[in-house]
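Since the structure comes first, as structure tokens, the remarks are kept for the end.
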2 protein chains.
Amino acid sequence: MAITNATSPKRVATGNPAHELDAPPWLRVESTLMATADAIRAAYDERLAPLGLTLSLASLLSYIGEFGPINQTRAAEHLDQGRAVTGTQVDRLQALGLVERQPDPDDRRVWMLAITELGATLAASIVDVDQVLRAELRAGISRSERQALAGLLVRLQKNLHRSMSAPSSSPQQTSPQQTSPQQTSPQQTSQGATT
Amino acid sequence: MAITNATSPKRVATGNPAHELDAPPWLRVESTLMATADAIRAAYDERLAPLGLTLSLASLLSYIGEFGPINQTRAAEHLDQGRAVTGTQVDRLQALGLVERQPDPDDRRVWMLAITELGATLAASIVDVDQVLRAELRAGISRSERQALAGLLVRLQKNLHRSMSAPSSSPQQTSPQQTSPQQTSPQQTSQGATT
DNA sequence: CCATGATTGTATGGAATCATACAATCAGAG
DNA sequence: CTCTGATTGTATGATTCCATACAATCATGG
């Protein structure tokens, strides 16, 4: 577990420095956050296993199902992954008969990804799994609390984004995000996919 | 990560829609959480790179440095990793001259891991990096907010823990805990990341 | 029409981690 | 002491992902 993170109960034991309690050598909230994220991912993977999917695959499938046929690059961007991995995942979904690769009449380089009927059925199951798990997850946590949590997370991300180095030459500097509140951000509709 | 959520950080490069930073909080908290965790890890890896370390290695090194000589199994448990991976990481730290493997006079199977002087020096740098990054991360976020965040995360983990580890046949649990529903939950998977 | 640059999907190698299997060793029961 | 069962560290294979390189293809300027 975390080095000294709060979450980990048993410290004390090996009798050691006291600055331990409030000055965990390492991360604190940050490590708890990462640990929680890992746990969530694991939980999703566990629940989705019966469907023969992992969180990644389920996410991709759901995305394809929700937003009509799209090309791999866009799907990759949306899932925040590389195109290569996405291509591999599509291979698998295709092998399972869950999605189809349709040629794009306007661009011979691209494959338009479309969900199949079987895929749609499975996607529905995914939504179920997602709702159930999310409900369990949120037990005892009010909506306002969740919103506060999300707000904090977003602020954390902004701070992070600000201190990360620019990825490449890309002219766009850390995106001056003042992005006004109302964005068009497509996706995120209701969906239920996995979180 | 999440199926349809937005929030994904590290987009940047290929200049594309900025729907990321303004991450609508009313979205899936879960995915925002996972995205944030990924971003944090990436930020640490980036800052630690100049030291020739990754967050995992830095965490292990710091742990060894803080808690006297310990064996690999205990270190692995603490970092919530497998013994195998930990062994490999120790190999690397040892190759870099940051830690030593000392034989345990009482048990010929184990190696006691101890930090070297060089390792201690580096560990100090790690602490610096950590403090700087954490400060940036927390900019604009009050202590009470962080505490609230941590509290929520812990509750999330508890909920997760409650619904995880099902009836899987293999009874092998990590250590003797008799899974009493009670709290006490020993090392719940917490942690993950490192540190 | 042709040349240069960008984009799409894929192949490849590398990194990190897990789960499993294993030899060496320890701990206890008899 | 001896046998059986744990435990430690390591080896191995499988997964998943990234980053890079590449061929095919588009887009644009002359």
Side-chain angles (χ1 to χ4, degrees), chain A residues 34 38 41-42 44-46 48-49 52-60 69-77 79-94 99 101-113 167-171, chain B residues 1 8 10-11 13-16 34 38 41-42 44-46 48-49 52-60 70-77 79-94 99 101-113 168-176 189 191-194:
Chain A
M34 294 194 280
D38 281 356
R41 183 179 297 261
Y44 269 98
D45 281 342
E46 182 178 292
L48 289 170
L53 299 174
T54 59
L55 179 56
S56 299
L57 287 180
S59 299
L60 177 55
I70 34 129
N71 68 35
Q72 295 184 189
T73 297
R74 273 207 286 162
E77 285 171 1
L79 297 174
D80 206 37
Q81 300 179 142
R83 281 170 296 165
V85 199
T86 304
T88 305
Q89 295 175 332
V90 170
D91 286 343
R92 286 169 64 187
L93 291 181
Q94 190 177 29
V99 305
R101 270 195 242 240
Q102 307 168 337
D104 180 337
D106 300 328
D107 190 330
R108 277 183 292 175
R109 291 171 305 180
V110 337
W111 282 115
M112 292 306 275
L113 308 176
S168 66
S169 50
S170 188
Chain B
M1 29 203 60
S8 59
K10 70 160 114 191
R11 165 74 45 279
T14 47
N16 69 24
M34 292 194 282
D38 281 355
R41 182 182 296 260
Y44 269 96
D45 281 343
E46 183 179 293
L48 291 169
L53 299 173
T54 59
L55 180 55
S56 300
L57 287 180
S59 299
L60 176 56
I70 33 122
N71 68 32
Q72 296 186 188
T73 296
R74 274 209 287 162
E77 285 170 1
L79 297 174
D80 205 34
Q81 297 178 145
R83 280 172 297 165
V85 199
T86 303
T88 305
Q89 295 175 333
V90 171
D91 287 343
R92 286 168 66 187
L93 291 181
Q94 189 177 32
V99 305
R101 271 195 241 239
Q102 306 169 338
D104 180 337
D106 300 328
D107 190 331
R108 275 182 295 173
R109 291 171 303 177
V110 337
W111 283 114
M112 292 306 273
L113 308 176
S168 170
S169 53
S170 61
Q172 62 9 339
Q173 62 284 38
T174 347
S175 84
T189 9
Q191 187 39 35
T194 22

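Chain letters run A, B, ... following the sequence lines, proteins first and then strands; every chain starts at 1.
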For atom [atom1] of [X] and atom [atom2] of [N], their distance in whole Å:
{"X": "A:Leu79", "N": "D:dC18", "atom1": "CG", "atom2": "C1'", "result": "15 Å"}
{"X": "A:Asn71", "N": "D:dA24", "atom1": "CG", "atom2": "P", "result": "20 Å"}
{"X": "A:Asp45", "N": "D:dT16", "atom1": "CG", "atom2": "C1'", "result": "11 Å"}
{"X": "B:Asp38", "N": "D:dT16", "atom1": "CG", "atom2": "P", "result": "16 Å"}
{"X": "B:Tyr44", "N": "C:dA16", "atom1": "OH", "atom2": "P", "result": "19 Å"}
{"X": "B:Arg41", "N": "D:dC17", "atom1": "CZ", "atom2": "C1'", "result": "12 Å"}
{"X": "B:Asp91", "N": "D:dT8", "atom1": "CG", "atom2": "C1'", "result": "14 Å"}
{"X": "B:Leu55", "N": "C:dA16", "atom1": "CG", "atom2": "P", "result": "12 Å"}

- Indicate yes or no for a side-chain donor-acceptor contact from A:Asp45 to the backbone of A:Leu55 under 3.5 Å, with no hydrogens or angles considered. yes

Could you tell me whether [X] contacts a base, only the sugar-phosphate backbone, or nothing, with contacts defined as non-hydrogen atoms closer than 4.0 Å?
{"X": "B:Thr54", "answer": "sugar-phosphate"}
{"X": "A:Arg74", "answer": "nothing"}
{"X": "B:Val85", "answer": "base"}
{"X": "B:Arg83", "answer": "base"}
{"X": "A:Thr88", "answer": "nothing"}

- Message: A:Gln72 and side chain to side chain contact (heavy atoms under 4.5 Å, CB included): which single residue from A:Arg101, A:Glu77, A:Met112, A:Gln89 fits?
- Response: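 So, applying the side chain to side chain contact (heavy atoms under 4.5 Å, CB included) to A:Gln72 and each of A:Arg101, A:Glu77, A:Met112, A:Gln89, only A:Arg101 qualifies.
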
Give a yes/no answer on whether the side chain of [X] brings an N or O atom under 4.0 Å of OP1 or OP2 in [N].
{"X": "B:Gln89", "N": "C:dT17", "answer": "yes"}
{"X": "A:Gln72", "N": "C:dT7", "answer": "no"}
{"X": "A:Ser56", "N": "D:dC17", "answer": "yes"}
{"X": "B:Arg92", "N": "C:dA16", "answer": "yes"}

- If we only count heavy atoms from C-beta on, is the B:Asn71 to B:Asp104 side-chain gap below 4.5 Å? no

- Task: On DNA chain D, check which nucleotide each of A:Gly82 and A:Arg108 is closest to and give me the residue with the more 5' one.
- Result: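 By nearest-heavy-atom nucleotide position, the 5'-most residue is A:Gly82.
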
- On DNA chain D, more 5' by nearest nucleotide between A:Asp106 and B:Val90 is B:Val90

- Note on the structure: Among the nucleotides C:dG9, C:dC26, D:dT20, whichever has the atom closest to the side chain of A:Ala84 is D:dT20

- Message: What's the closest nucleotide to the side chain of A:Gln81 if the choices are D:dG9, C:dG9, D:dC17?
- Response: D:dC17

- Query: Has the side chain of A:Arg109 got a donor or acceptor atom sitting under 3.5 Å from an opposite partner on the base of C:dG9?
  - Reply: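 There is none.
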
- Item | B:Leu57 and B:Thr54: CA distance, side-chain angles, deciding distance, side-chain contact (heavy atoms from CB on, under 4.5 Å) verdict | CA-CA 5 Å; B:Leu57 287 180; B:Thr54 59; 3.7 Å; yes

- Message: If we count only N and O atoms by modelled type, under 3.5 Å, do the side chains of B:Thr86 and B:Gln81 hold a donor and an acceptor together?
- Response: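 There is such a pair between these side chains.
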
- Query: Nearest 0.5 Å, what's the CG-CZ distance between B:Asp38 and A:Arg41?
  - Reply: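 Answer rounded to 0.5 Å: 6.0 Å.
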
